[in-house]
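Comments concern the structure below.
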Amino acid sequence: MKSESLVSITDYSKEEILEVLESARHFEENPNQKILEGKVVATLFFEPSTRTRLSFETAVTRLGGRIIGFSDASTTSSTKGETLNDTIKMVSNYVDLIIMRHYLDGAARYASEVSDKPIINAGDGANQHPSQTMLDLYSIYKTQGTLEGLNITMVGDLKYGRTVHSLIMAMSHFNPTFHFVAPEELKIPDDYKKFCESKGIKYFEHTEFSQEVINNADILYMTRVQRERFTDLMVYEKVKDVYVLKNSMLDNSKENLRILHPLPRVNEIAYDVDNNPKAYYFQQAKNGVYARQAIICKVLGIKI
Ligand code: CP
């Protein structure tokens, strides 16, 4: 198998997505395997992260590989003016795989074009977050028993939320119905609506986080309002607490409903939801290790 970067979830066909999910299941059953012995992986995080970096590093460690990298670009030569081009070319001399998060849309695609080693996009600006999508799909499959024909309700910052953007594209293989709940300022961008239309996917837009929309959902995908992406903080202040899910709002929800959130959470899910059996966001984050083990193997051309 050839080594290939994962920059956008659209780099993978439906069959490849299902193959990665099957490998994730394999790694959940047996997470400690010395598949990456002798391999070195770089984690280059130009933007803050807790889950993505630590779960990737756990995934590599459990597979017997070694990690180099940084979690704070202010300690690197980028502060001296070194370009992304030069940083990536340098690091690709040292390692077998680069996992990169960057604040600019398109940075991961650019890195994949200048690197002679595969790149995994760990989030680029408001654009894409494909490894999050793979763990989201794995979580949806585990909790629903299928990916087909689900009502997926996405709530919050649908404009800047890169996890939302990647998940829409991935779910398009599985005939979903989307409900997009967002204030006017954070509506889903037209490009994603056009994408749905081109694939014949049904979607509905709402500004009200109504009881009806909650009661019809199979998956409630809550998101944080992304303060770091606003150019006008007055707008952020206006919309930051626009939707808050409380436990009482789940009283008439479907039995199979699961609440997902890519995390970090700020105010959008009240703490009283955490003990509801329908809250799945912490298990979702745990699934990230298995999904990322599967992605790393696929990107390195290692057949499971
Ligand atoms: N979900 C996610 O990307 O979380 P981090 O920003 O903590 O990596």
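This structure is a prediction, so every number in the text was calculated from the model and none was measured. Atoms within a ligand are numbered from 1 in the order they appear, just like the ligands themselves.
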Please give the N or O to N or O pairs under 3.5 Å between ligand 1 and the protein, distances rounded to 0.1 Å.
residue  : atom  : partner : partner atom : Å
ligand 1 : 1 (N) : Q132    : OE1          : 3.0
ligand 1 : 1 (N) : P262    : O            : 2.8
ligand 1 : 1 (N) : L263    : O            : 3.0
ligand 1 : 3 (O) : T52     : OG1          : 2.9
ligand 1 : 3 (O) : R101    : NH2          : 2.9
ligand 1 : 3 (O) : H129    : NE2          : 2.9
ligand 1 : 4 (O) : R51     : NE           : 3.2
ligand 1 : 4 (O) : L263    : O            : 3.3
ligand 1 : 6 (O) : R101    : NH1          : 2.9
ligand 1 : 7 (O) : T50     : N            : 2.8
ligand 1 : 7 (O) : R51     : N            : 3.0
ligand 1 : 7 (O) : R51     : NE           : 3.3
ligand 1 : 7 (O) : R51     : NH2          : 2.9
ligand 1 : 8 (O) : S49     : OG           : 2.6
ligand 1 : 8 (O) : T52     : N            : 2.9
ligand 1 : 8 (O) : T52     : OG1          : 2.6
ligand 1 : 8 (O) : R101    : NH1          : 3.4
ligand 1 : 8 (O) : R101    : NH2          : 3.3

- Task: Over all heavy atoms of both residues, which pair between I88 and I98 is shortest? Give the atoms and the distance, please.
- Result: O-CD1, 4.1 Å
Considering only distance and modelled atom types, tabulate donor-acceptor pairs under 3.5 Å from the side chains of residues 33-41, sequence neighbours left out.
residue : atom : partner : partner atom : Å
Q33     : NE2  : H26     : NE2          : 3.0
Q33     : NE2  : N30     : O            : 2.8

For residues 148-163, run the donor-acceptor check on the side chains, cut-off 3.5 Å, and write out each pair with its distance to 0.1 Å, sequence neighbours left out.
residue : atom : partner : partner atom : Å
E148    : OE2  : K14     : NZ           : 3.4
N151    : ND2  : N216    : O            : 3.2
D157    : OD1  : K159    : N            : 3.3
D157    : OD1  : Y160    : N            : 2.9
D157    : OD2  : Q226    : N            : 2.8
R162    : NH1  : E47     : OE1          : 3.1
R162    : NH1  : G125    : O            : 2.9
R162    : NH2  : E47     : OE1          : 3.2
T163    : OG1  : Y221    : OH           : 3.1

- Task: Give a yes-or-no answer on whether the side chains of N256 and Q144 include a donor-acceptor pair shorter than 3.5 Å.
- Result: yes
- Query: Closest heavy-atom contact between T79 and A73?
  - Reply: CG2-O, 3.9 Å
- Note on the structure: The salt bridge (charged side-chain N to carboxylate O under 4.0 Å, His left out) partners of D72 (sequence neighbours excluded) come to none
